Amino acid sequence: MLHKQSAGSNQRWRRLIACGPEQPGVLFGVAVLVGLALLVTGCERMRPPSDTLVVAQVAEPRSLDPQVTTALNDFRILVNLFEGLVRYQPGTLEPAPALAESWQISDDGRVYTFKLKDGVRFHDGSRFDAEAVRFNFQRMLDPEHPYHDTGPFPLAFFFETVASIEVLDRLTVRFRLDQPFAPFLSNLAYPAGLIVSPTAVKRWGDQVGRHPSGTGPFRFVDWRPGERVRLERFAADHLASNRSLREEQAQPLAGLQCDSGRASVRTLIFRPITDPMTRVAELLAGGVDLALELSPDNVARFRERDGFQVLEATGPHLWFLILNTREGPLSDVRVRRAVNLAIDRQVITDDVLRKTAVPAAGPVPEAFDWANNPELRPYRQDRPAARRLLAEAGYENGLRLRFLVPRGGSGMLDPLAMATAIQGDLGRIGVDAEIRSFEWNAYLARVNQGLDTEADMAEMAWMTNDPDTLPYLALRCDASPEQGGFNSGYYCSRRVDALIAQARRATDRDERARLYHQLEREVHQDVPWAVIASWRQNLVASAEVSGLQLEPSFYLRLGAVTKQGCASGTDSQ
């Protein structure tokens, strides 16, 4: 039975949730952690119970339907609620069994047959089986499916090579592809491949993202907009799917008791705290147990502060500027190159980001060491060359660009500070970049619909699972927003399209690598983006928390986490 807190404990916990500061700007001008600590002493802070983990996220989730959302912020919740046929082996981006205990691939690379694990049930009590798998993928891929209108499904791209899905028996499902597709297993491990309860979809329709039901280690309890998403540990006897892979799950599930002063986490609470300084204040006051995506300055300070732990890890992340190649000044490749030559990436990564990122060059992150082109180098700042290019393009007297910037968001590093630095670099070559900032979800809605005459460039960050993902979804001619893609700058190169298509079909890794190397050279010349940096993801947590691990996928799996103290229903000050 899941642990339930006493009424008194819940009252105290509500006070903690409600206590400020929560609004961006409350901590304006505060630059040191000591000052932050002083600011929060006027409001009582009760620490979360030892069996409750409170996570400070950068934004409100958009949806808890894994086939609908595209945001890393949401993914970090979803991987604790849902499982897929496969998942990433811990510490890698290599596929490993999850709800499928094994699979076979045909010699021609077009048929994948999965043997499913038995005895698995969704959180709503319904049975996981091959029919549930078929339901999920047909829901995304078949416009005639009765629940296709519960979308849209922006990442259905990942599975567009699926020609048919056959249920061979209750625990065996077969995918037939219309062509070999090298990233197929990797894409199944992405959140778009997580399996949703068909019963929940049928009951809730397009509102299933507010009433999610999966097979993961935690089940959904409630979502209070602007305040929290709450999950609770799912019953151990139903969680069969990951035992062979995640032995670390065995202890938390076998007995949710105190062990040498440590308690397994029963409740997860994800709080949207958009302002990074407020996330710092809440960490210091004990209102949250861990916080994600703090500013580089604060990460550096927490490294030196007792009572906290800082986790950092590299991954397949890319931060770049989308440039409007369809209309306006940036439709001229000379102006795009001038923008790239104006920006000092080394100063941005060293000084603005405090070495929490490294300069990047192309659309394949260095984390994919086998696919990244080692000969490609980031554009180095060269102001005289940038001014010459502007003059050649007819802008010897300068020009003005409209620059869209989020105030925060998944993987966006320090977007306003970076925008200000880039604005300064551009100003030194005669380009006036007018910054227009938006809250994260509003920003995504604005940029994902495509850049237009009112937007010349926009900041963006992607965390990807395969070298194919970002070029396919954001660089192809046919990936424009109007066609369901993320090519918001409307870049179009038939040479690049051909290379993407060939790399997706190549099952030999060396051949794929050669194609990606060539693709990166083409994109580097055409400069549809200004690629700036790859991030070292960070997480800051109380020293009372253990069992945390950062993954290259940037997901946050919390099933093995424990906290100091016993889950007695009382809170410590």
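Just so we're clear, the structure is a prediction, and the values are computed from it rather than from any experiment.
- Taking the side chain as every heavy atom from C-beta outward, His517 and Pro374 approach each other to under 4.5 Å.
- Counting heavy atoms from C-beta on, the side chains of Leu413 and Thr356 never come closer than 4.5 Å.
- The shortest side-chain heavy-atom distance between Thr349 and Val358 does not fall under the 4.5 Å cut-off.
- Under the 30°/60° scheme for interplanar angles, the aromatic rings of Phe75 and Tyr555 are found to stand perpendicular.
- The closest side-chain heavy-atom distance from Val55 to Leu558 is below 4.5 Å.
- With hydrogens and angles disregarded, no donor-acceptor distance shorter than 3.5 Å links the side chain of Arg476 to the backbone of Cys492.
- With respect to Glu293 and Arg76, a salt bridge is recorded, a charged nitrogen being found less than 4.0 Å from a carboxylate O.
- In this structure, the side chain of Asn373 does not engage the main chain of Glu520 through any donor-acceptor pair within 3.5 Å.
- In summary, the aromatic rings of Phe554 and Trp462 are positioned with their centroids too far apart to meet the 6.0 Å limit.
- Using a 4.0 Å cut-off between charged side-chain N and carboxylate O, Glu396 and Arg387 make no salt bridge.
- Ion pair Asp425/Arg428 flagged as a salt bridge, since at least one NZ, NE, NH1 or NH2 atom sits closer than 4.0 Å to an Asp/Glu carboxylate oxygen.
- The CG atom of Leu318 sits 5.0 Å away from atom OG of Ser534, with the distance rounded to the nearest 0.5 Å.
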Any chance you could lay out the side chain to side chain donor-acceptor pair (under 3.5 Å) test for Thr92 and Gln89, step after step, and finish with the verdict? CA-CA 5 Å; Thr92 77; Gln89 183 77 28; 5.9 Å; no

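- Between Ala59 and Thr274, the shortest heavy-atom distance links the atoms CA-CG2, 4.3 Å.
- Shown here for Trp223 and Pro61, the closest heavy-atom pair between the two residues is CZ2-O, 3.3 Å.
- Gln423 and Thr420 share no side-chain donor-acceptor pair at under 3.5 Å.
- Counting non-hydrogen atoms of neighbouring residues, nucleotides and ligands closer than 6.0 angstrom, the CD atom of Glu366 reaches no more than 12 such neighbours.
- Taking the side chain as every heavy atom from C-beta outward, Arg512 and Asp468 approach each other to under 4.5 Å.
- The backbone N or O of Arg557 lies less than 3.5 Å from no partner atom in the side chain of Asn80, so there is not a single donor-acceptor pair.
- Nearest approach of Pro406 to Trp440, heavy atoms of both residues: CB-CE3, 3.8 Å.
- Both tests pass for Arg509 against the ring of Trp370: distance under 6.0 Å to the centre and angle within 45° of the axis.
- Tyr379 places no side-chain N or O within donor-acceptor distance of the main-chain N or O of Asp344, the cut-off being under 3.5 Å.
- Proximity of a side-chain donor or acceptor of Asp74 to a complementary backbone N or O of Arg62 within less than 3.5 Å is detected.
- Taking a 6.0 Å sphere around CD of Glu375, one finds it holds 12 or fewer heavy atoms contributed by other residues, nucleotides or ligands.
- Arg380 CZ: 12 or fewer foreign heavy atoms inside a 6.0 Å radius.
- Between Arg514 and Glu511, at least one side-chain nitrogen of the basic residue sits less than 4.0 Å from a carboxylate oxygen of the acidic one, meeting the salt-bridge criterion.
- In this structure, CG in Leu401 is found 5.0 Å from CE in Met457, a value given to the nearest 0.5 Å.
- Within the model, atoms CG of Leu93 and OG of Ser186 stand 7.0 Å from one another, a figure rounded to the nearest 0.5 Å.
- Between Phe184 and Phe175, the distance separating the two ring centers is shorter than 6.0 angstrom.
- Judged purely by atom type and a 3.5 angstrom limit, Arg536 has no side-chain atom pairing as donor or acceptor with the backbone of Ala357.
- Under the rule for a salt bridge (charged side-chain N to carboxylate O under 4.0 Å, His left out), the partners of Arg446 that lie at least two apart in sequence or sit in another chain are Asp452.
- Not one N or O on the side chain of Thr325 forms a donor-acceptor pair closer than 3.5 Å with the backbone of Ser331.
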Apply side-chain contact (heavy atoms from CB on, under 4.5 Å) to the pair Val339 and Leu330, showing each step before the final yes or no.
-> CA-CA 9 Å; Val339 166; Leu330 293 172; 3.9 Å; yes

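- Once rounded to the nearest 0.5 Å, the distance linking CG of Asp297 with CE of Met277 reads 8.5 Å.
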Next item on the list: Would you check, one step at a time, whether the test side chain to side chain donor-acceptor pair (under 3.5 Å) holds for Trp535 with Glu312?
Entry: CA-CA 10 Å; Trp535 174 48; Glu312 296 178 277; over 6 Å; no

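- Within the 4.5 Å cutoff, the side chain of Gln57 has no heavy atoms near those of the Pro272 side chain.
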Give the C-alpha distance, both sets of side-chain angles, the deciding distance and a yes or no for side-chain contact (heavy atoms from CB on, under 4.5 Å) between Leu78 and Leu64. CA-CA 6 Å; Leu78 293 170; Leu64 296 181; 4.1 Å; yes

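- Rounded to the nearest 0.5 angstrom, Leu556 CG and Gln549 CD are separated by 10.5 Å.
- Every residue two or more places apart in sequence or in another chain was checked for a side chain to side chain donor-acceptor pair (under 3.5 Å) with Ser493, and none qualifies.
- Distance alone, capped at 3.5 Å, is enough to place a donor-acceptor pair between the Arg336 side chain and the Asp526 backbone.
- Among Tyr190, Phe137, Phe153, the one residue that satisfies the ring pair (Phe, Tyr, Trp, His ring centres under 6.0 Å) test with Phe158 is Tyr190.
- When the side chain to side chain donor-acceptor pair (under 3.5 Å) test is applied to Gln309, no partner is found at least two apart in sequence or on another chain.
- Using a 4.5 Å cut-off on side-chain heavy atoms (C-beta onward), Glu392 and Asp332 make no contact.
- Using modelled atom types, one side-chain atom of Arg279 and one backbone atom of Leu292 make a donor-acceptor pair closer than 3.5 Å.
- You'll find the side chain of Pro528 reaches within 4.5 Å of the side chain of Val523, heavy atoms only.
- Separation of atoms CZ (Phe320) and CE (Met460) is listed at 6.5 Å; rounding is to 0.5 Å.
- A donor atom on one side chain and an acceptor atom on the other are not found under 3.5 Å apart for Asp466 and Thr469.
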Evaluate side-chain contact (heavy atoms from CB on, under 4.5 Å) for Ser437 paired with Leu416, printing each intermediate quantity in order. CA-CA 8 Å; Ser437 67; Leu416 287 169; 4.1 Å; yes

Next item on the list: Output, in order, the C-alpha distance, side-chain angles, deciding distance and verdict of side chain to side chain donor-acceptor pair (under 3.5 Å) for Glu482 and Tyr490.
Entry: CA-CA 10 Å; Glu482 292 80 3; Tyr490 297 97; 2.9 Å; yes

Original post:
Does the pair Arg345 and Asn340 meet the rule for a side chain to side chain donor-acceptor pair (under 3.5 Å), with working shown?
Top reply: CA-CA 9 Å; Arg345 290 156 177 79; Asn340 272 270; 2.8 Å; yes

**Item:** Full working for salt bridge (charged side-chain N to carboxylate O under 4.0 Å, His left out) between Glu282 and Arg271
**Value:** CA-CA 11 Å; Glu282 290 285 357; Arg271 292 181 57 193; 3.6 Å; yes

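- Looking only at distances, a side-chain donor or acceptor of Asn441 sits under 3.5 Å from a matching main-chain atom of Glu60.
- Ion pairing between Arg402 and Asp456 holds under the 4.0 Å rule for side-chain N and carboxylate O.
- At a threshold of 4.0 Å, the pair Asp350-Lys355 does not count as salt-bridged, since none of the basic side-chain nitrogens sits closer than that to a carboxylate oxygen.
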